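First comes the structure, then the notes that go with it.
Note that this is a predicted model, so its numbers are computed, not measured.
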Amino acid sequence: MLKQFVVISLAVSLLSGCGEDSANSIGSVQWRFNYGDWTDNTETAKDDLRDCANQPSSGQYAGNEENPYPAISKVRVFIEDPDGQVPNSDKEFDCALGYGSSKVDILSMTRQVYDITVEAKDAAGNVLYRHKELDVDLSVVAAHDYELKAVTSETTFFPTYDGGVNCPQGVSQLRYSFFTDEARRADDGQATYLQVATQPCTSGTSNTIIARGIPVEPQMGSNNTYNPTMYTLKLEALDSDGAVTHCGWDNVSRAYRPGDNKKGISSGNIDLKPGTC
């Protein structure tokens, strides 16, 4: 499985989009994106290459209307002097400007070693893919082949109400919040990620919810394997005024891995009871 991240021909500093004067260009940046689980080092690991539309070519949940994969709107290229002596270059570009055979030029700046971060964002500014490389030698023109890695996960769950599949009268939305163990233990702990499903019921019965865009930061553990990000899920049914009518927690903290989270995608049934949690 590819572990590298965005074709990035670099030398240094100020960047310009395609079509601008590139006479002073000393490098260029190109990118692509992989939604595959980069923490999976088994023989069955698969790539999931995406373009700027960020849609899978196939799959059970491809094209889901309630919560589709968000398109990649902007790509941020951040070039930073690790010693803090040279001003940083921090610019965003339309995704299409550097995808595939297109490129973004890098214009002249002090030739030295830099840290480079490349991030792909949706229209709301949420980071979907990232690559960071330290101590990149940009003293000479060089071409570095990188591929941005997914920094979000997904899951599915099925809400029940007092153990039944029928939605209580007045439920119009379902808010789902992801909490780390530390945040849940804290009195004022804040959710890491929160979204609202606007179609929680069809014909009066509960729907399976697909949650995407869940931020993950896997950490290297023992035996050269990554530990997944752990979250506990809280559900709140809302009426048309946004008031909570029912609430429930998943009963365990679950693992979230980059990409489609095939090893832990389903959180199963989560029961909501009347009132707030």
Side-chain angles (χ1 to χ4, degrees), residues 1-36 38-39 47-54 70-152 213 215-220 226 229 258-259:
M1 177 177 175
L2 292 174
K3 304 291 184 184
Q4 308 296 320
F5 335 95
V6 171
V7 176
I8 191 173
S9 303
L10 282 169
V12 294
S13 119
L14 302 178
L15 301 100
S16 69
C18 290
E20 295 184 23
D21 182 8
S22 59
N24 294 322
S25 175
I26 54 175
S28 61
V29 178
Q30 296 172 284
W31 44 75
R32 61 182 179 221
F33 317 99
N34 195 339
Y35 194 66
W38 49 271
T39 70
D47 291 330
D48 184 358
L49 299 178
R50 305 282 179 91
D51 57 18
C52 293
N54 195 29
I72 299 167
S73 175
K74 299 290 185 180
V75 174
R76 177 195 184 210
V77 180
F78 178 50
I79 303 176
E80 180 182 19
D81 177 8
D83 296 325
Q85 300 300 311
V86 177
N88 301 332
S89 174
D90 190 357
K91 295 185 179 294
E92 291 188 353
F93 307 92
D94 290 341
C95 180
L97 288 179
Y99 179 76
S101 60
S102 300
K103 65 180 181 179
V104 171
D105 290 317
I106 302 173
L107 305 181
S108 56
M109 182 177 151
T110 303
R111 297 178 180 272
Q112 61 171 58
V113 171
Y114 290 91
D115 297 340
I116 300 174
T117 302
V118 185
E119 296 179 327
K121 301 180 180 182
D122 64 16
N126 300 307
V127 177
L128 306 176
Y129 299 88
R130 178 185 292 119
H131 167 60
K132 183 170 184 177
E133 184 177 355
L134 303 178
D135 299 328
V136 181
D137 185 4
L138 302 182
S139 61
V140 296
V141 175
H144 306 279
D145 187 0
Y146 300 121
E147 192 170 88
L148 271 68
K149 304 183 299 182
V151 291
T152 67
V216 290
E217 294 185 13
Q219 301 297 318
M220 180 62 73
Y226 282 92
T229 301

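Counting heavy atoms from C-beta on, the side chains of Phe93 and Val77 come closer than 4.5 Å. Contact of the Ser102 side chain with the Leu97 side chain is not registered, since no non-hydrogen atoms from C-beta on lie closer than 4.5 Å. Residues Ile72 and Tyr129 have side chains in contact (heavy-atom distance under 4.5 Å, counting atoms from C-beta outward). Side-chain contact between Pro70 and Asn54 is present, with at least one heavy-atom pair separated by less than 4.5 Å.
Here the CH2 atom belonging to Trp31 is positioned 7.0 Å from the SG atom belonging to Cys95, to the nearest 0.5 angstrom. Expressed to the nearest 0.5 Å, how far CZ of Arg76 lies from CG of Asp90 amounts to 4.0 Å. Separating the CG atom in Asn88 from the CD atom in Glu80 is a distance of 5.0 Å, to the nearest 0.5 Å.
Between Trp38 and Tyr226, the two ring planes are perpendicular [angle over 60°; tilted spans 30° to 60°].
Side-chain atoms of Asp83 do not come within 3.5 Å of backbone N or O of Gln85 as any donor-acceptor pair. Listed for the Asn34 side chain is a donor-acceptor partner under 3.5 Å among the backbone atoms of Gly36. Using modelled atom types, one side-chain atom of Asp122 and one backbone atom of Ala124 make a donor-acceptor pair closer than 3.5 Å.
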Review point. Would Asp51 and Tyr99 count as a side-chain contact (heavy atoms from CB on, under 4.5 Å) if you check the C-alpha gap in whole Å, the side-chain angles of each, and the deciding distance to 0.1 Å?
Key: CA-CA 7 Å; Asp51 57 18; Tyr99 179 76; 3.4 Å; yes

Review point. How far apart are the C-alpha atoms of Tyr114 and Asp81, what are their side-chain angles, what is the distance that settles it, and do they pass the side-chain contact (heavy atoms from CB on, under 4.5 Å) test?
Key: CA-CA 5 Å; Tyr114 290 91; Asp81 177 8; 4.2 Å; yes

Exercise for review: Evaluate side-chain contact (heavy atoms from CB on, under 4.5 Å) for Ile116 paired with Phe78, printing each intermediate quantity in order.
Suggested key: CA-CA 6 Å; Ile116 300 174; Phe78 178 50; over 6 Å; no

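For the pair Arg50 and Tyr35, the cation-pi criterion (under 6.0 Å, within 45° of the ring axis) is fulfilled.
A pairwise comparison of heavy atoms in Cys52 and Ala96 identifies SG-N, 3.7 Å as the closest pair. Residues Pro258 and Ala150 share a closest heavy-atom pair of CB-O, 3.7 Å.
The salt bridge (Lys or Arg N to Asp or Glu O under 4.0 Å) test with Glu119 singles out one residue from Arg130, Lys132, Lys74, and that residue is Arg130.
In this structure Asp115 satisfies the side chain to side chain donor-acceptor pair (under 3.5 Å) test with no other residue, sequence neighbours excluded.
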